[in-house]
Amino acid sequence: MVRSIQTIFQEFIEKKTLIFKDRNALTSDFTPDNIPHRDKEINTMASILAPSLKGGKPSNIFIYGMTGTGKTLVTKYVCSELERMSNQGTNQVKIIYINCKMKKTADTEYRLLAELSRILGQEVPITGLPTEQVYKIFFNVLDSTNWVVIIILDEIDSLVVKMGDDFLYNFTRINGELKKAKVSIIGITNDLHFIDILDPRVKSSLSEEELLFPPYNAIELQDILKQRVLLGLNPNIISEEVIPKCAALAAQEHGDARRALDLLRVAGEISERQNELKITEKHVDFALEKIDYDRIMESVKSLPKQTKSLLWSVIGLEEKGEKDIQTGDIYNTYEETCKQCALHPLTQRRVSDLISELDMMGIINARVISLGRYGRTREINMNTSPKIKDKMKEILKSGLMI
DNA sequence: AGTCCACAGGAAGGGCAGGCGA
DNA sequence: TCGCCTGCCCTTCCTGTGGACT
């Protein structure tokens, strides 16, 4: 018999949680009271930002390091302490955090300025105004106070990809336009070579101070996990091999603490759902598979119809036993697929971009190769298990109505 | 050493939708 | 309602590329 949704929720509320004490403590968004193995970075950042407490403009900071090395966490931690201290004093420090990868928030110059103005209390229409005017609105609202404003631009590399570095050039020179307020910028990126592609003038003003966050090693990841386990899980709920396993798996992926926390949390959720009393190595294995499965399925579901048709063609070719599938083969099959589902086929140039997008999402593997006089192309294959591929086909089939 | 292939991928711009102010 | 502005998706045009072949 199928249980009603109300029954499921009611059971969840009434059920005594055996595994989790505070699930949030095992997410990467959670900011703990102390951050292990990042003392040096915290102290350096704090001393760079401290002048703002006396109304001075701190240097701009450029922070780089791989995913899950604590860049955002440390920055938010230091800045929130700074804001708290400033509230006790006379000089107001205002912190603004923007994730430049967020669609509809910071993917264009207009939207970023509109979002900053909105955070400072001035609404700007979603579209319709000339960018110049949005700049004016932003400067006016900034200069209506004598705050020191620290703008954190997380994933700043995607900002430059979308808008070029002219925007950053204007932005790092913002203080010349202001009479009362002062602005400092903290740029955060995972791309270690990002600074090299910038215009030298932008580079010098953005990276007045530079901070590198090295990857965590397996031992450090274990310390991080142990701290979160104390905060997030009930005592004696975890087998002793679980933390080393999560840490080792995450250490393989460039010391990514986010990955380690996800693995542990999902392993906990799986064991809770199975009504088991302990999180074991087996749950970590399931978690590893589930995280990849969920990520890929979510991506496939949200693909536009054209990209679905392209992916369907890739799967079709692979199922025919074709090895070393090339862009040209895919394009031919894609045209056939379009005919079948009454779609107007896109040009090869556009399809080339769609292939890159699928590659970036991790749904396919595309590698540029040269076949000598037979041209330069991309060799494409899928790196998914049969289970994931079957589910993917199901989603594509209903999406394309084939 | 030069040629050639089959694209990769950058740049520019068109067309459309959504939203604004006059 | 109209003109203007931005964002997005797409096409067209073009140059660049690596290595097999001649």
Side-chain angles (χ1 to χ4, degrees), chain A residues 98-118 122-141 155 157-168 170-171 191 193-194 196-199 299-311 313-314 317 322-339 341-381 399-400:
Chain A
I98 299 270
N99 186 336
C100 304
K101 259 209 170 137
M102 287 287 280
K103 281 207 161 190
K104 312 284 178 195
T105 302
D107 47 357
T108 65
E109 192 171 5
Y110 185 105
R111 282 184 178 156
L112 178 60
L113 291 166
E115 178 68 10
L116 289 168
S117 305
R118 193 191 58 74
Q122 177 67 54
E123 288 296 330
V124 174
I126 306 163
T127 166
L129 299 179
T131 310
E132 274 302 297
Q133 200 174 330
V134 190
Y135 262 108
K136 269 187 197 157
I137 294 172
F138 175 56
F139 287 146
N140 287 342
V141 65
E155 315 236 24
D157 46 312
S158 54
L159 196 75
V160 173
V161 169
K162 289 172 207 153
M163 306 177 208
D165 53 9
D166 282 356
F167 172 75
L168 269 185
N170 294 336
F171 218 66
D191 183 349
H193 302 291
F194 167 71
D196 300 331
I197 60 162
L198 288 178
D199 183 302
S299 309
V300 171
K301 270 183 207 161
S302 59
L303 290 175
K305 215 168 174 183
Q306 290 285 4
T307 319
K308 279 187 177 137
S309 164
L310 181 67
L311 185 57
S313 310
V314 178
L317 278 171
E322 300 249 355
K323 283 184 183 159
D324 306 334
I325 308 167
Q326 292 161 17
T327 307
D329 306 330
I330 292 182
Y331 189 72
N332 293 337
T333 316
Y334 157 80
E335 281 185 308
E336 289 300 314
T337 312
C338 285
K339 262 186 207 163
C341 47
L343 270 178
H344 175 73
L346 303 174
T347 58
Q348 188 150 352
R349 175 70 188 87
R350 179 68 188 136
V351 166
S352 173
D353 280 345
L354 297 183
I355 290 174
S356 302
E357 284 170 25
L358 286 174
D359 182 33
M360 274 183 25
M361 288 174 174
I363 298 173
I364 62 172
N365 277 333
R367 192 167 59 96
V368 178
I369 53 158
S370 177
L371 302 171
R373 70 168 304 157
Y374 303 106
R376 197 164 163 255
T377 182
R378 267 188 294 199
E379 198 176 82
I380 293 138
N381 55 60
L400 293 167

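Below, chain A is the first sequence line, B the second, and so on; all start at residue 1. Every heavy atom of this structure was used, including side-chain atoms; hydrogens, water molecules and symmetry mates were not.
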Rounded to whole Å, the CD1-P distance (A:Ile137 to C:dT6) equals 13 Å
Between C:dG18 and A:Arg373, is there an OP1 or OP2 to side-chain N/O distance shorter than 4.0 Å?
-> no
Partner of A:Leu116 under side-chain contact (heavy atoms from CB on, under 4.5 Å), picked from A:Ile98, A:Val141, A:Ile137, A:Val134, is A:Ile98
inquiry  = By the 4.0 Å heavy-atom rule, please label A:Gln348 as base, sugar-phosphate, or nothing.
reply    = sugar-phosphate
Here the distance between atom C1' of B:dC7 and atom OH of A:Tyr331, to the nearest Å, is 13 Å
Open item on the list: Strictly below 4.0 Å: does A:Thr327 bring a side-chain N or O up to OP1 or OP2 of B:dA8?
Closed with: yes
In whole angstroms, the gap separating P of B:dA8 from CD of A:Glu357 amounts to 14 Å
Whole-Å distance, A:Arg350 CZ to B:dG10 P, equals 14 Å
One should read off an interatomic distance between A:Arg376 CZ and A:Gln326 CD, to the nearest 0.5 angstrom, of 13.0 Å
B:dA8, OP1 or OP2 - any side-chain N/O from A:Arg378 closer than 4.0 Å?
yes
5'-most contact on DNA chain B (nearest-nucleotide basis), A:Ile380 vs A:Gly375, goes to A:Gly375
- Query: NZ of A:Lys136: more than 12 outside heavy atoms within 6.0 angstrom?
  - Reply: no
Between the CZ atom in A:Arg378 and the OG atom in A:Ser356, the distance rounded to the nearest 0.5 Å is 3.5 Å
Using only side-chain N and O atoms of A:Ser352, determine if any of them is under 4.0 Å from OP1 or OP2 of B:dA8. yes
When A:Val314, A:Leu311, A:Thr377 are each screened for side-chain contact (heavy atoms from CB on, under 4.5 Å) with A:Ile330, the one that passes is A:Val314
Hey, does the side chain of A:Tyr374 come within less than 4.0 Å of C:dC21's phosphate (OP1/OP2), counting only N and O?
yes
A:Asp329 CG to B:dA6 C1', in whole Å, measures 11 Å
A:Leu346 atom CG is separated from C:dT12 atom C1', nearest whole Å, by 14 Å
In whole angstroms, the gap separating C1' of C:dC8 from CG of A:Leu354 amounts to 14 Å
When rounded to whole Å, the CZ to P distance for the pair A:Arg349 and C:dT11 reads 11 Å
